[in-house]
Amino acid sequence: MAAAAAAVLHALVALSLAGAVAAAGRGGEQPLSRIGIHRTTFAIQPGASVDASPLLLGLEGQDREWVTLTYNNPKPSKDDWIGVFSPANFSDSTCPSESQWVEPPLLCTAPIKFIFANYKNLDYEKTGKGSMKLQLINQREDFSFALFSGGLSNPKLIAHSKRVTFTNPKAPVYPRLAQGKSWNEMTVTWTSGYGTNEATPFVKWGLQGQIQSLSPAGTLTFSRSTMCGPPARTVGWRDPGFIHTSFLKDLWPNFKYTYRIGHRLSDGSIIWGHEYSFQAPPYPGEDSLQRVVIFGDMGKAEADGSNEFNDFEPGSLNTTYQLIKDLKNIDMVIHIGDICYANGYLSQWDQFTAQVEPIASSVPYMVGSGNHERDWPGSGSFYGNLDSGGECGVPAQNMFYVPAENREQFWYSIDYGMFRFCIANTELDWRPGTEQYKFIEHCFSSVDRQKQPWLIFLAHRVLGYSSASFYVEEGTTEEPMGRESLQPLWQKYKVDIAMYGHVHGYERTCPVYENVCVAKAASHYSGAFTATTHVVVGGGGASLADYAGVRARWSHVQDRDYGFAKLTAFNHTALLFEYVRSRDGSVHDSFTVSRDYRDILACGVDNCPTTTLAS
């Protein structure tokens, strides 16, 4: 009876681990899933120790700092590792009982990061001594470092450090901008440890150098019970704190604004975040230089070498650093799904928002929904796999604002100057007759192409064309029913470019319709619209995908490397597309489009409007 109960107890954990193994083959494994934290035993070793310095962080208002660790194990092995836990009292917490017949595990909370003890300590296995620096970000709780033997699968806790904390763990941090539902509205979302019963959130903002005003912020959070399954509901759960969003309205187009997030406490004192600035969006249809970066599947990585770096997401930091380096030449970023690959380990969302904070605090950082945010069996997702790790979309739709009518649905449009972006959610049904199909057609049909000539379709999974080997192995070059459902709309409404993530790499097609190149692939296109160019730009950072050995005629450029796309609208008749490699910032592929308004109106294949001979 006890054996059967034990099997039931660990069934959910095994389910999530099986999903992680399957995802690993597609480059989607969450490194924290390797740790069998529920199998931890206490084996405190005399003479073993972990010391951290400094113990108090953020004395000058920093929201991230480096901590030096020194550690010792009298019986070292190559499998020893160090886990970073937050809250610090991880070993004192009581795990909820899953069954009356089985004792609960000793540990039920995964670390927020881990690193092997011999990392850059080549003599560790001989001496048992080591030291390293790890980076911590302010995540609303204190921290402790624990030394384990037994490897990741059978951890034995042998020593842990004293408590490390930021001076104000609750401080407002990591603002991320997003365009609101109207072109002249900017939203600011940030995270803190202050609930509305303790402090009032707001943003102080205004035109640079002029009188500043205050705007209130709404506050959201979510609980463990809103997660759909493990590990998000079990070992991966971590309290998300409070997520605040303020709406800065009636912006003057192209003017520079400064802003500062803050919380007014009940005693009247104010806790301030850092000061930032942004440039207001252009008026829809305005003729000015407009530059938008687009990519998918970036994920997060650790600059200190822990967890994933050079392992799970080696390109993530390179992409982040390139965007920061070129930020003065970027007006907006659109991250089309597979955002941070938390996969049910909630601590990773904070770490991702910290990683992109230099970008997201300065330009709108728009996001789409991918399989690693949304998919879970029986949750209403179009695909019934385990890729979200039990999150079923909840953290993504709370951590980032999107101007959707229903943030749970996660499809929306953006008008930015001469661009219209139609952002679909491939994790919910898009086929004809569905609510999302109606949204997509309305997004295409409602744009005024004389004012906004550049019509761009964005989605996470490849609904168009891809040579990825995992598609070809299934006898296809797309998501099932993808382009069959949507290519009549792309052609009818003359969508210039359709862009996707999901496949970790880069590929560009010719202007293609019904598997046929309507025009020859080139570096410059001019004149009347022929067909949509499809681009896969899923090389933001996650492990690279492979391409099939046989190449279709419509596949023009392939690059198995990390990178991102950049669209530059010079005016109403000239558009530049560039694919930039993340490792060095070089432009590996590009093309230009020259098109007058009469070229958009011109008749082409399957997009000729009905006419009459009557005068």
Side-chain angles (χ1 to χ4, degrees), residues 30-32 35 37 49-71 81-91 93 109-117 119-121 130-148 159-176 190-194 236-241 271 273-274 299-309 311-313 316-317 320-321 340 342 345-358 360-361 399:
Q30 167 52 245
L32 294 173
I35 302 174
I37 200 68
S49 64
V50 183
D51 294 304
S53 178
L55 297 178
L56 187 60
L57 310 176
L59 291 172
E60 297 180 3
Q62 307 99 311
D63 51 30
R64 67 199 80 194
E65 282 215 55
W66 290 84
V67 175
T68 299
L69 296 185
T70 56
Y71 45 93
W81 58 279
I82 293 172
V84 184
F85 288 84
S86 179
N89 64 345
F90 68 98
S91 60
S93 59
T109 301
I112 62 173
K113 64 167 73 176
F114 71 92
I115 191 166
F116 283 96
Y119 178 73
K120 293 187 177 179
N121 290 273
S131 65
M132 65 177 65
K133 287 188 175 182
L134 294 179
Q135 188 179 56
L136 297 182
I137 66 165
N138 196 342
Q139 287 185 261
R140 300 172 304 283
E141 295 282 359
D142 52 9
F143 305 84
S144 63
F145 301 85
L147 179 59
F148 292 87
H160 63 85
S161 73
K162 293 181 179 178
R163 171 178 172 268
V164 177
T165 187
F166 279 83
T167 53
N168 182 9
K170 294 184 175 183
V173 289
Y174 319 129
R176 41 254 185 216
W190 71 95
T191 308
S192 85
Y194 293 110
W237 170 256
R238 188 178 188 274
D239 191 294
I271 304 298
H274 302 299
K300 60 160 283 288
E302 296 288 348
D304 56 21
S306 60
N307 287 25
E308 308 99 328
F309 192 56
D311 189 357
F312 171 52
E313 290 154 351
S316 176
L317 290 180
T320 302
Y321 294 156
C340 73
Y345 292 86
L346 278 294
S347 62
Q348 307 302 286
W349 282 99
D350 287 313
Q351 294 174 24
F352 179 80
T353 58
Q355 178 175 316
V356 300
E357 179 258 358
S361 62
M399 295 294 286

Take V356 and F352 through the test side-chain contact (heavy atoms from CB on, under 4.5 Å) and record every step on the way to the result. CA-CA 6 Å; V356 300; F352 179 80; 3.6 Å; yes
Thinking salt bridges, do R163 and E141 make one under a 4.0 Å N-O criterion?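 No salt bridge links R163 with E141.
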Is it true that K113 and E302 make a salt bridge, defined as a side-chain N closer than 4.0 Å to a carboxylate O?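 Yes, this pair counts.
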Does the side chain of [X] reach to within under 4.5 Å of the side chain of [Y], using non-hydrogen atoms?
X: P172; Y: I271; answer: yes
X: L134; Y: M132; answer: yes
X: I37; Y: F85; answer: yes
X: V164; Y: S144; answer: no
X: Y119; Y: I82; answer: no
X: I137; Y: Q351; answer: yes
X: F145; Y: L136; answer: yes
X: S306; Y: F114; answer: no

How close do [X] and [Y] get, counting heavy atoms only, and between which atoms?
X: F148; Y: A146; result: CE1-CB, 3.5 Å
X: R238; Y: S86; result: NH2-OG, 2.7 Å
X: A52; Y: V67; result: CB-CG1, 3.9 Å
X: A354; Y: P358; result: O-CD, 4.0 Å
X: E65; Y: G58; result: OE2-N, 2.6 Å
X: Y174; Y: R64; result: CE2-NH2, 3.9 Å

Would a line drawn from the ring center of W81 to the ring center of F116 be shorter than 6.0 Å?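 Here the rings of F116 and W81 have centres that are no less than 6.0 Å from each other.
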Looking only at side chains, do Y71 and N121 share a donor and an acceptor under 3.5 Å apart?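 A donor-acceptor contact under 3.5 Å links the two side chains.
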Pairing donors with acceptors under 3.5 angstrom, does anything connect the side chains of Q355 and T320?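 Note: Q355 and T320 side chains meet the donor-acceptor criterion.
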Straight-line distance of [X] [atom1] to [Y] [atom2], nearest 0.5 Å:
X: H160; Y: D51; atom1: NE2; atom2: CG; answer: 12.0 Å
X: Y345; Y: W237; atom1: OH; atom2: CH2; answer: 15.0 Å
X: Q135; Y: W66; atom1: CD; atom2: CH2; answer: 5.0 Å
X: S49; Y: K162; atom1: OG; atom2: NZ; answer: 11.5 Å

Say whether, by atom type as modelled, one donor and one acceptor occur between the side chain of S131 and the main chain of L69 under 3.5 angstrom.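 Between the backbone of L69 and the side chain of S131 there is no qualifying donor-acceptor contact (under 3.5 Å).
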Under the 3.5 angstrom rule, does the side chain of D142 hit a backbone N or O of A88 as a donor-acceptor pair?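 Such a contact is found between D142 side chain and A88 backbone.
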Derivation of the side-chain contact (heavy atoms from CB on, under 4.5 Å) call for L55 and T165: CA-CA 6 Å; L55 297 178; T165 187; over 6 Å; no
Residue of the set D350, V173, N168 for which side-chain contact (heavy atoms from CB on, under 4.5 Å) holds with R140: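 For R140, the side-chain contact (heavy atoms from CB on, under 4.5 Å) test succeeds with only one of D350, V173, N168, which is D350.
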Which one of D63, D239, I112, T191 satisfies the side-chain contact (heavy atoms from CB on, under 4.5 Å) criterion with Q139?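 Filter result, single survivor: I112.
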